[in-house]
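Predicted model, so just to flag it, every value in this text is computed and none were measured.
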Amino acid sequence: MIEQRYRQLGIATIWLRHQMGDGAQGREAEFRRRLHRMEAGAADLNLDPPAVHLAAEIASLEPDLDDEQRLALIGLVTASLAALQEGSTRLPVTGKESGEPMRRLLAPLCADSSDSDAAEAMLQAIAHLLESDLAPHVIGRTPEDHRPLIYLPPFIYHHRVRCAEVRLARLLADRIAQPQPADTGKLEAALADTAARPGMLSVALSAEQRAAVANAAGQALALISGGPGTGKTSIIVAILRMLVRIGIAPRQIALAAPTGKAAFRMGESIGQGLERIAAPAAADRALREARLEPCTIHRLLGFSPTRGRFTYHRNNPLEAAVVIVDEGSMLDLSLMERLVGALKPDARLILLGDADQLPSVAAGAVFRDLVGAAQVQAHRRRYPGLCTRLTHSYRMDTGDPAGRAVFSVARAINLADQNLAAPRGGADQGMVRREGPEALQFAGVEFLGGTGLMEAFLNRWYAARIKADDVEKLCAQDVEQDENGFDAKAQAALRRIFDHLAASRILCFTRVLSTGSERVNAALHRRRSEAAGAAASEREFLPGEPVIVVRNDYERMLFNGDQGVIVRIRRPGGRAAPMAVFRREDRFVAFHLAALRESIELCYATTIHKAQGSEFDAVAVVLPERDLPLLTREALYTAVTRSRRSAVIAGSEELLRIGISRGIQRFSGLAEELSALLAHGR
């Protein structure tokens, strides 16, 4: 299979094209062996094997390299792809800064080598390749060069990613430098009236909340960063009320989030907040009547899947006077550049997120970089209101000890505090160790240590968090859908199924490997099949199973990260059939599985990245069996904070310590580029 793939990709042809002299056959075998080794190591970098094939094809553009130089180029391209997969927009490849990250990325590619210094040798070969300019057809050396890779010492960039980063920095610098669009007197009067009529928070705005609302309403660009429970989403209601009071019509305000799930939660929160306003003013009533509907950023920008283009861009900007984006930490470089480029010059952009969470799945750490750049500007006493940090957690002020424990441990992880189980005033503020899966109580933070416990833990999780007699009974029945959709009885049944399955999730660091989401989903699918008396099949979803959308489907308005449930649906004149049902605002929509087969996956478990923007009553964080680059403090923090009241951390205590001590390594030039532009008055 692998040999056939190599032949299809032309690797054998590449070798034959460059072989010379006696011994070519032996060298070809060695060349192939080392490519196989790199392919085998790709999984540890969260890459699929074809990434190595792509690197080999790119290297074939250089006709005059010897074997070692060609393998060094393949290693460099593969490492750059791994860095991009990890979210970096650039990778240090020479100089002191490059040593640790390059060794970390190259080690898996040389993992089974008999030479213990193979990774170090490849690192030196890459340095020689770059210093001697041996790959001019692949690697450019100035920002203006049009090559797949650009080497601007000490960093290697992908050309398209660097261009997007520079464009975004220029767009943001121009926006930040604009004068404030609203006068101070009007802002103060609007803030006073908003604060005098408590809304979702039911209490007077705190000093930091007042600052966040005022800065958001009065600047061309505003950032609001805060951890879970600090009221970021709730505070959007106060911002909307402020904007309308200073003269912006509700129809001029656009609300968006990176995923459909986050957009739905944003809309739900805003709707509830507006309904809870005490003594609403005319501006509040106007907001209620407008019924603003958040959407995904792709939908906001009018992405057309058939044309592969966005409707709104620099030459056809959005009409919105204000764009508010929630879950800003999930914004990747490309999407952020599209969004900012589609704004009118005088439009305001408000981004809310958590700078301490995992950055976006795709390349870039945009929100984190912007918050960092804003802090630098504030230190220089320039643009002091660009970013507001929210620090007080309202969720921890509730009377729920389990919730307090979750957020206490999350805070400790964020501070790199290894002593999670240390007493902090009581068991409800620390992590409790359990001797085995049967001892789990699913309240607060529990640690399940040891090896070989996965099967027993999954049995316990299935029995306690997935199986429910009333839900099982509902899933065994057909749900009727007529021309008008689902009636009240059907909606009640669907709501119960959704609420139960949406309450819990297992979170993994990778898709692959023995502790990855694919293996965990397969294991729980087998348990579900056994319970239903059916033969387990990877291709057959069963009624009652949770699914997640893994690629955008604009025709059906389903987006990456949307979560649904398999239910047997009976339509007029037809037989009941398993369909994927999704929530859409206050109703449900169903789609035949044949239409979605390649777009959905099981989601008893999902990766931590995929879980961003979601909340669950209970989560289980499954640590990998060995140390991986993805095991970081930010990933642990993000995983634990997906829970409202129960987080089980399962795996090796040593790996947990490693993860807490390691900050995410994501190399980006956005903050640097932006700061340089602002320093020069852009």
Take atom CZ of Arg309 as the centre, draw a 6.0 Å sphere, and report whether it contains more than 12 heavy atoms from other residues, nucleotides or ligands.
no
Exceeds 12 heavy-atom contacts within 6.0 angstrom, atom CZ of Arg633
yes
Applying side-chain contact (heavy atoms from CB on, under 4.5 Å) between [X] and each of [options], report the one that passes.
X      : options                        : answer
Leu339 : Val366, Leu171, Leu168, Leu349 : Leu349
Leu507 : Val622, Val619, Ile649         : Val619
Ile58  : Val77, Thr78, Leu81            : Val77

If I take atom [atom1] from residue [X] and atom [atom2] from residue [Y], how far apart are they, to the nearest 0.5 angstrom?
X      : Y      : atom1 : atom2 : result
Leu47  : Gln85  : CG    : CD    : 5.5 Å
Leu129 : Tyr151 : CG    : OH    : 10.5 Å
Ser614 : Glu327 : OG    : CD    : 8.5 Å

Taking side chain as C-beta onward, heavy atoms only, is [X] less than 4.5 Å from [Y]?
X      : Y      : result
Arg348 : Val323 : no
Ser225 : Leu390 : no
Leu301 : Arg338 : yes
Glu672 : Asp369 : no
Leu636 : Leu656 : yes
Leu678 : Ile176 : yes
Pro101 : Pro92  : yes
Leu631 : Pro624 : yes

Inspect the contact between [Y] and [X] and indicate whether a charged nitrogen and a carboxylate oxygen are less than 4.0 angstrom apart.
X      : Y      : result
Glu654 : Arg657 : yes
Glu601 : Arg511 : no
Arg389 : Asp354 : no
Glu62  : Arg70  : no
Asp627 : Arg662 : yes

Give a yes or no answer on whether the side chain of [X] reaches the backbone of [Y] with a donor-acceptor pair at less than 3.5 Å.
X      : Y      : answer
Arg170 : Glu673 : no
Asp562 : Val549 : no
Ser88  : Leu91  : no
Ser517 : Thr606 : no
Ser132 : Leu134 : no
Asp553 : Leu558 : no
Asp145 : Ile150 : no
Asp332 : Ser334 : yes

Give a yes-or-no answer on whether the side chains of [X] and [Y] include a donor-acceptor pair shorter than 3.5 Å.
X      : Y      : value
Glu39  : His53  : yes
Thr632 : Tyr637 : no
Glu625 : Thr515 : no

Find out whether the Lys NZ or Arg CZ of Arg90 is both under 6.0 angstrom from the six-membered ring centre of Phe155 and within 45° of the ring's axis.
yes
Stepwise salt bridge (charged side-chain N to carboxylate O under 4.0 Å, His left out) test for Arg103 and Glu120
CA-CA 7 Å; Arg103 289 185 182 93; Glu120 186 66 32; 2.7 Å; yes
Checking side chain to side chain donor-acceptor pair (under 3.5 Å) between Thr89 and each of Arg162, Glu165, His158, which is the one that passes?
Glu165
Test Leu35 against Arg32 for side chain to side chain contact (heavy atoms under 4.5 Å, CB included), laying out the working first.
CA-CA 5 Å; Leu35 280 175; Arg32 285 173 174 271; 5.6 Å; no
Leu628 and Leu45: side chain to side chain contact (heavy atoms under 4.5 Å, CB included), yes or no, with the steps?
CA-CA 8 Å; Leu628 297 174; Leu45 299 177; over 6 Å; no
Could you report the tightest heavy-atom contact between [X] and [Y], atom names first, then the distance?
X      : Y      : answer
Ala373 : Ser675 : CB-OG, 4.2 Å
Ala72  : Ala125 : CB-CB, 3.7 Å
Ile126 : Met102 : CD1-CE, 3.8 Å
Leu300 : Ala254 : CD1-CB, 3.8 Å

Can you list the steps and then say if Ile350 with Leu221 is a side chain to side chain contact (heavy atoms under 4.5 Å, CB included)?
CA-CA 6 Å; Ile350 302 167; Leu221 176 66; over 6 Å; no
Angle between ring planes, Phe303 versus His298, binned at 30° and 60°: parallel, tilted or perpendicular?
perpendicular
